[in-house]
Number of protein chains: 2
Amino acid sequence: MIDYNNKKYICLLDFGVEFIRGKWKAVILCHLYKGPIRFLELQRTVKGISQKVLNDKLKELEQDGLIIKNIYAEIPPKVEYSLTDKGKDITRIIKEIEDWSIQYYPDLKDSCKQPD
Amino acid sequence: MIDYNNKKYICLLDFGVEFIRGKWKAVILCHLYKGPIRFLELQRTVKGISQKVLNDKLKELEQDGLIIKNIYAEIPPKVEYSLTDKGKDITRIIKEIEDWSIQYYPDLKDSCKQPD
DNA sequence: CCGAATCCTCCCCGATACTG
DNA sequence: CAGTATCGGGGAGGATTCGG
């Protein structure tokens with residue numbers, strides 16, 4: 001049992017999955033993998049995410065040490081986000097899930113949809 | 001945009017992650033990777049999961065085609081769960097997340113916990 | 001351009017009790 | 001031993017507004 005940040009994790013796998021939990025983190029990381037990117041550009045790329053949620057998730061990812069936030073003291077403000085090594089490593093794994101999804105997509109499409 | 005089972009997915013990655021979403025699915029799959037296992041034995045192994053949730057998750061995984069449910073017509077009832085090829089493939093990826101977690105655990109422990 | 005604050009909704013999950 | 005039914009709390013995330 002791992003006790004961490006006021007949460008309980010039953011094993012290291014559970015603990016590790018925590019860092020990409022939720023609908024958006026995996027997608028965000030994958031987009032960051034292409035290189036540093038600004039907030040608005042990221043929001044445009046990750047279609048459908050609200051400003052609030054994107055902000056929340058970026059903050060979490062930064063606190064977890066998966067991404068770095070670079071603030072440029074300019075007018076208008078410029079902020080760029082990029083992956084750390086730790087973040088790059090897990091993003092590579094995430095991309096395997098994407099490959100898996102692509103490989104099995106035709107199959108998954110059928111098995112999941114229940115016939116009426 | 002992928003429309004599937006009354007849910008919307010923004011991309012194939014989002015779609016793929018859906019199959020292991022939640023606190024338990026990844027852990028369950030990893031335990032099944034060792035070989036076929038019965039319900040109660042699985043519940044004992046996946047510490048802390050309730051019967052209801054384990055049942056729900058197994059049903060979802062079966063519908064998704066990631067696991068197979070083998071029912072033996074015996075008294076008392078015997079049911080064994082095992083991975084399909086599709087399930088094995090994604091479980092291998094999940095195990096990489098576990099490795100990542102192990103590798104970075106000391107680091108993660110520090111970065112995540114905010115100093116007061 | 002960036003992000004904090006508020007409010008609200010939905011669904012994951014836990015606890016408990018019951019059936020074959 | 002295996003699975004179902006019901007109730008309820010809490011967290012994730014969407015819409016909107018406001019501040020630097």
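When heavy atoms are screened at a 4.0 angstrom cut-off, Y72(B) is found touching no nucleic acid atom at all. At the heavy-atom level, R21(A) lies nowhere under 4.0 Å from the strands shown. Among the protein residues, K25(B) comes within range of no part of the nucleic acid, since none of its heavy atoms lies under 4.0 Å from any strand.
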N/O donor-acceptor pairs under 3.5 Å from side chains in residues 93-105 of chain B, not counting sequence neighbours:
residue: W100(B); atom: NE1; partner: K86(A); partner atom: O; Å: 3.1
residue: S101(B); atom: OG; partner: L12(A); partner atom: O; Å: 2.8
residue: Y104(B); atom: OH; partner: D89(A); partner atom: OD2; Å: 2.5

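With sequence neighbours excluded, the residues forming a side chain to side chain contact (heavy atoms under 4.5 Å, CB included) with I68(B) are N70(B), S82(B), T84(B), listed by chain and number. Shown here are the side chain to side chain contact (heavy atoms under 4.5 Å, CB included) partners of K23(A), two or more places apart in sequence or in another chain: Y9(B), D14(B), R21(B). For R44(B), the side chain to side chain donor-acceptor pair (under 3.5 Å) partners two or more places apart in sequence, or in a different chain, are E41(B). The side chain to side chain donor-acceptor pair (under 3.5 Å) test applied to Y81(A) returns no partner, not counting sequence neighbours. Under the side chain to side chain contact (heavy atoms under 4.5 Å, CB included) criterion, K52(B) pairs with S50(B), D56(B), sequence neighbours left out. Remark: Q51(A) engages F39(A), Q43(A) in a side chain to side chain contact (heavy atoms under 4.5 Å, CB included) (not counting sequence neighbours).
For the pair E74(A) CD and dC1(C) C1', the interatomic distance rounds to 11 Å; values are reported in whole Å. Remark: P of dC2(C) and CD1 of I71(A) are 11 Å apart, rounded to the nearest angstrom. A straight line from CD of E18(B) to P of dC11(C) spans 12 Å, rounded to a whole angstrom.
Here chain B contacts DNA chain D (any atom closer than 4.0 Å to a heavy atom, that is under 4.0 Å), and the contacts span dC1(D) to dT6(D) from 5' to 3'.
Within residues 42-58 of chain B, the residues that have a heavy atom under 4.0 Å from DNA chain D are, in order of number, Q51(B), K52(B), N55(B).
A salt bridge links E60(A) to K57(A): one of the charged nitrogens lies within less than 4.0 Å of a carboxylate oxygen.
Closest approach to the L40(A) side chain among dC2(C), dA4(C), dC13(C) is made by dC2(C) (side chain taken as heavy atoms from C-beta onward).
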